[in-house]
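Working notes for the structure below.
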Amino acid sequence: MVSYEVRCIECGASHDPSKPAYACSSCGNLLEAQIDEAEAAGDLAENGYSERALSVWKYREAIPVDDPSLAISLGEGGTPLIRCKRLEEELDARNLWIKFEGTNPTGSFKDRGMTVGVTKALELDMSVVTCASTGNTSASLAAYAAAADLDCVVLIPEGKVALGKLAQAMMHGADVLSVKGNFDQALDMVMTAANEMGMYVLNSVNPFRIEGQKTAAYEVCDQLNGVSPERLYIPVGNGGNSAAYWKGFKEYDSMDFASGCPLIRGIQAEGAAPVASMFSENSSELVPVDEPETVATAIRIGNPANWKKTVGAIRESGGSASTVTDDEILEAQRFMARLEGIFPEPAGAAALAGFMKDLEEDLVDRSAVVVCVSTGHGLKDPDTAISQSVKPRTIEPTMEALSRILGGAD
Ligand code: F0G
């Protein structure tokens, strides 16, 4: 097991890792797990990790759990990094890649965090796990809780979770509570209830979830043969994933397994963009958006719990955050589906939408090595896909009808 510390990102106070904790007991700020990088690097190299297949647990010596052989795993990570030749041609870009996280076991990047977080729940002897969710976190947690034989309670905003995600949480046997409110309110409820009711919280304020998600950055560097991309475009909702990537890039660089770190461009939907507003207004405090709204329901979040982590990460990378409209998100979704054969849910197209906007506004070098993170699979949200596609045409079961409709001779 790698040596590590759980500490506050603000005051640095150290916390007992054998007790569930999500906020600093001295100053209330977010916590992070910090591994001993030199030790992890030595163990990874000694155990020949580079020969292992790509997956979250390829990097097990850098993941702070007691015994990786006891991990609850569904085969997460090892997602494709796809070179987008047709998009490059369409957009006049030279080096565009999409990291397609929709191929994870439950169809989103959340599985990287859950394999570690649910393994940690077992280590801590918790019997109930919980989260608030715009859909994917609940789908993933429900699956991993089922595999771990843990009870699972999820709170979701009523009427605002895409159909596929709801089906997943229900099918995996979670207790699904539909809150007459938004994600931010549901998360407040979870954070208040968890300690009192003895539940382990697996939202991205859980520092161990981030430790699983950071492996996506390690993977990207491995897939680019040991070099980090120049730019990473990534959607920002609650702010956990963007912070996790940055942590991963920095660790992989300092462990000497990759060179460099990318500039991070955080992308938010225009109707749910409190982090992007901090950048446009050059402010150091988050002003929550009371009634966030966007077609990308996964990132329909007005008060991101991890805003300090993600803003710190984006700034340290030399990057910034900005917005895209719902129409721009849907256009990028169609581009990915029709030019590359990649089917993302709307939030999973936001990063590409951000890159396309930067190209239009001449804010990016067209030959830069760019990775856009596509966070979730399009099958999760069939309604949005169908509503912007051409409806199937109904025909009689005859050759005559077929050739008529396809324009052949009849
Ligand atoms: N993309 C997708 C598909 C997501 O499901 C989420 C978050 C994000 C991007 C944003 O990631 O919150 O780490 O900044 N979904 C959460 C959920 C909130 O409940 O499923 P973030």
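Atom set for the values below is all heavy atoms of this structure, side chains included, hydrogens, waters and symmetry mates excluded. A quick note: this is a predicted structure, and the numbers were derived from the prediction, not measured.
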Intermediate values then yes/no, salt bridge (Lys or Arg N to Asp or Glu O under 4.0 Å), Lys120 and Glu123: CA-CA 5 Å; Lys120 189 54 75 175; Glu123 278 176 17; 2.7 Å; yes
Met356 side chain reached by Glu328 side chain, heavy atoms, under 4.5 Å: no
Short side-chain to backbone donor-acceptor contact, Asn47 and Tyr49, under 3.5 Å: no
Sole residue of Leu224, Ile234, Ile98 in side chain to side chain contact (heavy atoms under 4.5 Å, CB included) with Val371: Leu224
Stepwise side-chain contact (heavy atoms from CB on, under 4.5 Å) test for Asn182 and Glu291: CA-CA 8 Å; Asn182 59 33; Glu291 288 180 15; 5.6 Å; no
Nearest non-hydrogen partners of Leu54 and Gln223, listed with the distance: CD2-NE2, 3.4 Å
Test item: Asn29 side-chain N/O and Cys8 main-chain N/O as donor-acceptor pair under 3.5 Å: no
For the student: nearest non-hydrogen atoms of Val201 and Ala194, plus distance: CG2-CB, 3.2 Å
Non-hydrogen side-chain atoms of Asp358 and Arg231 separated by less than 4.5 Å: yes
Ile301 CD1 to Trp307 CH2 distance, which is reported to the nearest 0.5 Å: 16.0 Å
Criterion side-chain contact (heavy atoms from CB on, under 4.5 Å) on Trp57 and Val116, from CA distance to verdict: CA-CA 9 Å; Trp57 295 100; Val116 178; 4.0 Å; yes
Trace of the side-chain contact (heavy atoms from CB on, under 4.5 Å) decision for Thr115 with Leu74: CA-CA 8 Å; Thr115 183; Leu74 299 173; over 6 Å; no
Heavy atoms of other groups near Met1 CE, more than 12 under 6.0 Å: yes
Main-chain N/O of Gly77 paired to Asn104 side chain as donor or acceptor, under 3.5 Å: yes
Polar side-chain atom of Gln268 near backbone of Val236 as donor-acceptor pair, under 3.5 Å: yes
NZ-OG1 distance between Lys110 and Thr137, expressed to the nearest 0.5 angstrom: 3.5 Å
Side chain to side chain, Cys221 and Phe257, heavy atoms closer than 4.5 Å: no
CZ on Arg393 to CD1 on Ile405, rounded to 0.5 Å: 4.5 Å
Sidechain-backbone polar pair: Arg366 side chain, Asp92 backbone, donor-acceptor under 3.5 Å: yes
Ser374 (side chain) donor-acceptor with Gly348 (main chain) under 3.5 angstrom: yes
Trace of the side-chain contact (heavy atoms from CB on, under 4.5 Å) decision for Gln333 with Phe343: CA-CA 7 Å; Gln333 186 189 25; Phe343 183 18; 4.1 Å; yes
Residue pair Glu101 / Thr79, side-chain donor-acceptor N/O under 3.5 Å: yes
More than 12 heavy atoms from other groups under 6.0 Å of CE on Met191: yes
Close side-chain approach of Glu340 and Phe100, heavy atoms under 4.5 Å: no
Main-chain N/O of Phe335 paired to Arg86 side chain as donor or acceptor, under 3.5 Å: no
Basic-acidic side-chain contact under 4.0 Å: Glu61, Arg52: yes
Shortest non-hydrogen contact between Leu359 and Ala93, atoms and distance: CD1-CB, 4.4 Å
Passing candidate, side chain to side chain contact (heavy atoms under 4.5 Å, CB included) with Ile267, options Ile299, Val324, Leu352, Ile329: Val324
Straight-line distance of Tyr59 OH to Ile35 CD1, nearest 0.5 Å: 13.0 Å
Any side-chain heavy-atom pair of Asn203 and Tyr22 under 4.5 Å: no
Pairwise side-chain contact, Lys308 with Thr310, heavy-atom cut-off 4.5 Å (strictly under): no
Under 3.5 Å donor-acceptor, Glu10 side chain and Cys27 backbone: no
Contacts under 3.5 angstrom, residues 138-163 side chains, donor-acceptor by atom type, not counting sequence neighbours:
from, atom 1, to, atom 2, distance (Å)
Ser138, OG, Gly135, O, 2.7
Ser140, OG, Asp111, OD1, 2.6
Tyr144, OH, Glu76, OE1, 2.5

Minimum heavy-atom distance Thr375-Pro235, with the two atoms named: CG2-CG, 3.7 Å
Shortest non-hydrogen separation from Ala305 to Asn238 and the atoms involved: N-OD1, 2.8 Å
Any side-chain heavy-atom pair of Glu219 and Arg112 under 4.5 Å: yes
Side-chain (Glu88) to main-chain (Leu96) donor-acceptor, under 3.5 angstrom: yes
Closest contact, heavy atoms only, Pro304 versus Val275: CG-CG2, 4.0 Å
Gap separating the CG atom of Asp383 from the CD atom of Gln388, nearest 0.5 angstrom: 11.5 Å
Residues 278-289 side chain polar contacts: donor-acceptor under 3.5 Å, at least two apart:
from, atom 1, to, atom 2, distance (Å)
Ser280, OG, Ser277, O, 3.2
Ser283, OG, Glu285, N, 3.3
Ser283, OG, Glu285, O, 2.9

Pairwise distance CD(Gln168) to CG(Leu379) - rounded to 0.5 angstrom: 9.5 Å
Beyond-backbone contact of Phe208 with Tyr200, side-chain heavy atoms, under 4.5 angstrom: yes
Sole residue of Glu37, Glu316, Glu211 in salt bridge (Lys or Arg N to Asp or Glu O under 4.0 Å) with Lys247: Glu211
Distance-only donor-acceptor check, side chains Asn95 and Glu230, under 3.5 Å: no
Asn303 side chain to Asp184 backbone, donor-acceptor under 3.5 Å: no
